Amino acid sequence: MSAPMLCITVNDEPTSLPSPSTVADLVARLGLRPDQVAVERNKVLVRRAEHATTTLCDGDRLEVVTFFGGG
């Protein structure tokens, strides 16, 4: 029996994740470094300190923005 899946939208793309999942799980699944992303969930910024404790829900809309230093 497979685990239930969440249907969310990430940067306007439909995405499925195992349920339960957190913002930190999503960042890891996307292969991104947590210290180089900003995540907005349903138009509310999720603080990096709260990524591991913010559980995603079916229908959530997330915007994930990566940033890095340069010179």
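All values reported here derive from a predicted model rather than from experimental measurement. By convention here, the first residue in the shown sequence is residue 1.
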Side-chain touch Leu26/Leu56, heavy atoms, less than 4.5 angstrom = yes
Between Thr55 and Arg41, which heavy-atom pair has the shortest distance, and what is it?
-> O-NH2, 3.4 Å
Hey, quick one: are Val37 and Leu45 part of the same hydrophobic cluster, counting side-chain heavy atoms closer than 4.5 Å, chains of contacts allowed?
-> no
Taking the side chain as C-beta and beyond, is there a heavy-atom pair between Thr66 and Gln36 under 4.5 Å?
-> no
For His51 and Val46, work out which heavy atoms get closest and say how close.
-> NE2-O, 3.3 Å
For the student: nearest non-hydrogen atoms of Pro34 and Arg48, plus distance | O-NE, 2.9 Å
What's the shortest heavy-atom distance between Thr54 and Glu50, and which atoms?
-> OG1-O, 2.6 Å
Student check: side-chain heavy atoms of Glu40 and Leu62 closer than 4.5 Å = no
Are side-chain heavy atoms of Asp60 and Leu6 found at a separation under 4.5 Å?
-> no
Checking side chain to side chain contact (heavy atoms under 4.5 Å, CB included) for the pair Asn11/Glu63: CA distance, chi angles, key distance, verdict?
-> CA-CA 5 Å; Asn11 296 348; Glu63 292 293 326; 3.2 Å; yes
Is there side-chain contact between Val64 and Leu30, with heavy atoms separated by less than 4.5 Å?
-> yes
Minimum heavy-atom distance between Arg29 and Pro18, given as atom pair plus value = NH1-CD, 3.5 Å
Within the distance-only criterion (no hydrogens, no angle test), does the side chain of Ser21 pair as donor or acceptor with the backbone N or O of Leu17 below 3.5 angstrom?
-> no
Verify the cluster assignment for Val10 and Leu32: are they in a single hydrophobic cluster under the rule of side-chain heavy atoms below 4.5 Å apart?
-> yes
Under 3.5 Å, is there a donor-acceptor pair between the side chain of Thr9 and the main chain of Asp12?
-> no
